Amino acid sequence: GNSVTQMEGPVTLSEEAFLTINCTYTATGYPSLFWYVQYPGEGLQLLLKATKADDKGSNKGFEATYRKETTSFHLEKGSVQVSDSAVYFCALSPTDSWGKFQFGAGTQVVVTP
Amino acid sequence: AAGVIQSPRHLIKEKRETATLKCYPIPRHDTVYWYQQGPGQDPQFLISFYEKMQSDKGSIPDRFSAQQFSDYHSELNMSSLELGDSALYFCASSLSRTSGRVPFFGPGTRLTVL
């Protein structure tokens, strides 16, 4: 079956530091890959996505590249802000069951001033 | 922009009671997905509907049922509630089940079973 593995948190950083959250996946076929962010007490917000190998998703300074050879979709941001403090979920959606997301366990990121 | 609406936002029930959660998709979205997120856990797929028909089924207990209505809103009915049903229930919607049509999530309904 499909699975997503992402690094455990919490990840604690100082403002303006570089953020990387590793995410690897196992899937049949060619899934689409996503990063969702969840702020405290809120729902899931789409951060970025990539639908095929070598695609780069980007939004609000965050980037992730779909690497099929390493089955990875690592999230990066060059300079984090306190407002980036949240839980980040890596997820995949199989193309034959679109929207049936398999999420990773989530990584809590805490950015301190 | 209009978003997915879920009601109620918070719900407290006793064991063995029933609960009904409602989801109103983004206008023109015809596909609805339900997820359950336990405390400190990742969301788990329960069930989805496309054009009022069930399209996919995940780890939904037999005590739960769901449907999508002609106006595309969906309801998740939960009976014989157990303590373990306490969770955040998300609904998401998308414009068709076509690959690439990103599902947008609602704010969730927090269900507490006492």
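Chain identifiers are assigned alphabetically (A, B, ...) following the order of the sequence lines, protein sequences preceding nucleic acid strands; residue numbering begins at 1 within each chain. This is a predicted model, so every value here is computed, not measured.
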Practice item. Using the ring pair (Phe, Tyr, Trp, His ring centres under 6.0 Å) rule, take F103(A) and Y35(B) through it: C-alpha gap first, then chi angles, then the decisive distance, then the call. Key: CA-CA 11 Å; F103(A) 285 91; Y35(B) 284 82; 5.8 Å; yes
Check your understanding: chain B heavy atoms under 4.5 Å from K100(A): which part of the residue, side chain, backbone, both or neither?
Key -> both
Review point. Using non-hydrogen atoms only, which part of I47(B) is less than 4.5 Å away from chain A: side chain, backbone, both, or neither?
Key: neither
Practice item. Over all heavy atoms of both residues, which pair between L21(B) and P8(B) is shortest? Give the atoms and the distance, please. Key: CD2-CD, 4.5 Å
Check your understanding: In terms of heavy-atom proximity below 4.5 Å to chain B, should F89(A) be classed as side chain, backbone, both, or neither?
Key -> side chain
Review point. Is the closest basic N to carboxylate O distance between K13(B) and D85(B) below 4.0 Å?
Key: no
Practice item. Flag the pair E82(B) and R63(B) as a salt bridge only when some basic side-chain nitrogen lies within less than 4.0 angstrom of an acidic carboxylate oxygen. Key: yes
Exercise for review: Find the one option among P103(B), G106(B), G40(B), G58(B) whose heavy-atom pairs under 4.5 Å with chain A are most numerous.
Suggested key: P103(B)
Exercise for review: Evaluate ring pair (Phe, Tyr, Trp, His ring centres under 6.0 Å) for Y72(B) paired with Y24(B), printing each intermediate quantity in order.
Suggested key: CA-CA 7 Å; Y72(B) 297 117; Y24(B) 298 88; over 10 Å; no
**Study point:** L46(A) versus chain B, the contacting section by heavy-atom distance below 4.5 Å
**Key:** side chain
**Study point:** Per-residue contact mode, Q6(B) against chain A (heavy atom under 4.5 angstrom)
**Key:** neither
Practice item. Go through the atoms of Q45(A) and report whether side chain, backbone, both or neither lie under 4.5 Å from a heavy atom of chain B. Key: neither
Exercise for review: Would you mind listing every side-chain hydrogen bond (donor to acceptor under 3.5 Å, both in side chains) that reaches into residues 55-64 of chain A, with sequence neighbours excluded?
Suggested key: T51(A)-D55(A), K52(A)-D55(A)
